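Worksheet: one structure, shown below.
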Amino acid sequence: MSQAKWYRAILSERLGGGGWRLVVTFPGLCSRWPEYQWQPTPEVPTVAAREEALSGLGYEAIEGARWEWAEDRADPDDPTSRVWLVASIAVRPVSGVTS
């Protein structure tokens, strides 16, 4: 498997109304994963805002990749518990960037 397949950008809501964050994941220590945080807002960052954040971190979406959305709950056994959204997309480092 090529290393490029391991790079994913994860967009998630921060619990407690803390806004949205974008993290680029890759093999190795998660403490080295680049991260971008938006100011707290209930609005989902636009695709353009996500692309800008990725670019600022030195990454870009792989051609043809699309954001894949999922939801999670604070308590999976309680259908009334708070739901939060998580999205991901395959990314690659922009030329010259090393992780």
Side-chain angles (χ1 to χ4, degrees):
M1 180 180 303
S2 74
Q3 188 168 351
K5 292 185 183 216
W6 286 95
Y7 288 84
R8 298 237 11 126
I10 308 294
L11 175 71
S12 65
E13 288 181 276
R14 296 182 60 84
L15 296 179
W20 292 86
R21 72 180 186 147
L22 179 79
V23 178
V24 177
T25 65
F26 48 81
L29 298 174
C30 62
S31 62
R32 295 187 57 218
W33 292 351
E35 181 176 335
Y36 181 88
Q37 294 186 34
W38 283 270
Q39 292 296 319
T41 176
E43 300 297 320
V44 178
T46 65
V47 172
R50 291 179 243 158
E51 289 173 354
E52 185 177 329
L54 279 171
S55 178
L57 296 173
Y59 293 84
E60 63 186 4
I62 291 175
E63 186 175 339
R66 294 182 170 260
W67 287 94
E68 300 171 7
W69 286 90
E71 64 179 45
D72 203 353
R73 289 192 298 234
D75 181 352
D77 295 325
D78 179 1
T80 64
S81 70
R82 185 186 187 285
V83 171
W84 69 89
L85 297 174
V86 178
S88 70
I89 193 169
V91 298
R92 64 177 171 219
V94 176
S95 180
V97 172
T98 57
S99 300

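Counting from 1, the numbers follow the sequence of the chain as shown. This is a predicted model, so every value here is computed, not measured.
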Who are the side-chain contact (heavy atoms from CB on, under 4.5 Å) partners of [X], not counting sequence neighbours?
X: Thr46; value: Ala48, Ala49
X: Ala87; value: Leu11, Trp67, Trp69
X: Glu68; value: Arg8, Ser88

Practice task
Return yes if some donor-acceptor pair links the side-chain N/O of Trp20 with the main-chain N/O of Glu43 below 3.5 Å, else return no.
Solution key: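 Yes.
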Exercise for the section: Check salt bridge (Lys or Arg N to Asp or Glu O under 4.0 Å) between Glu52 and all other residues, then give those that pass, not counting sequence neighbours. Expected result: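 Glu52: no salt bridge (Lys or Arg N to Asp or Glu O under 4.0 Å) contacts found.
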Exercise for the section: Could you list all the salt bridge (charged side-chain N to carboxylate O under 4.0 Å, His left out) pairs where at least one residue sits in residues 57-67, not counting sequence neighbours? Expected result: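 Residue pairs passing salt bridge (charged side-chain N to carboxylate O under 4.0 Å, His left out), neighbours aside: Glu60-Arg92.
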Practice task
Over all heavy atoms of both residues, which pair between Trp38 and Ala53 is shortest? Give the atoms and the distance, please.
Solution key: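 Shortest heavy-atom contact: CZ2-CB, 3.8 Å.
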Exercise for the section: Would you name the heavy atoms of Val91 and Tyr7 that are closest together and state the gap between them? Expected result: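 Closest heavy-atom pair between Val91 and Tyr7: O-CB, 3.0 Å.
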Practice task
Look at the aromatic rings of Phe26 and Trp33 and report parallel, tilted or perpendicular, splitting at 30° and 60°.
Solution key: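 Phe26 vs Trp33 ring planes: perpendicular.
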Practice task
Starting from the C-alpha separation in whole Å, work towards a yes-or-no answer on side chain to side chain contact (heavy atoms under 4.5 Å, CB included) for Glu51 and Ile89.
Solution key: CA-CA 11 Å; Glu51 289 173 354; Ile89 193 169; over 6 Å; no
Name the atoms and distances for all side-chain donor-acceptor pairs under 3.5 Å in residues 71-78, with sequence neighbours left out.
{"from": "Arg73", "atom 1": "NH2", "to": "Pro76", "atom 2": "O", "distance (Å)": "2.5"}
{"from": "Asp75", "atom 1": "OD1", "to": "Asp77", "atom 2": "N", "distance (Å)": "3.0"}
{"from": "Asp78", "atom 1": "OD1", "to": "Thr80", "atom 2": "N", "distance (Å)": "2.9"}
{"from": "Asp78", "atom 1": "OD1", "to": "Thr80", "atom 2": "OG1", "distance (Å)": "2.6"}
{"from": "Asp78", "atom 1": "OD2", "to": "Thr80", "atom 2": "OG1", "distance (Å)": "3.3"}

Problem - side-chain hydrogen bond (donor to acceptor under 3.5 Å, both in side chains) partners of Glu35, counting only residues at least two apart - result: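 Here the qualifying residues are Gln37.
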Exercise for the section: Tell me whether Val94 is reachable from Val47 by hopping between hydrophobic residues (I, L, V, M, F, W, Y) whose side-chain heavy atoms are closer than 4.5 Å. Expected result: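 No, because Val47 and Val94 fall into different hydrophobic clusters, even though each may have its own neighbours under 4.5 Å.
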Problem - Close side-chain approach of Leu22 to Ile10, heavy-atom, < 4.5 Å - result: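 No, too far: nothing below the 4.5 Å cut-off.
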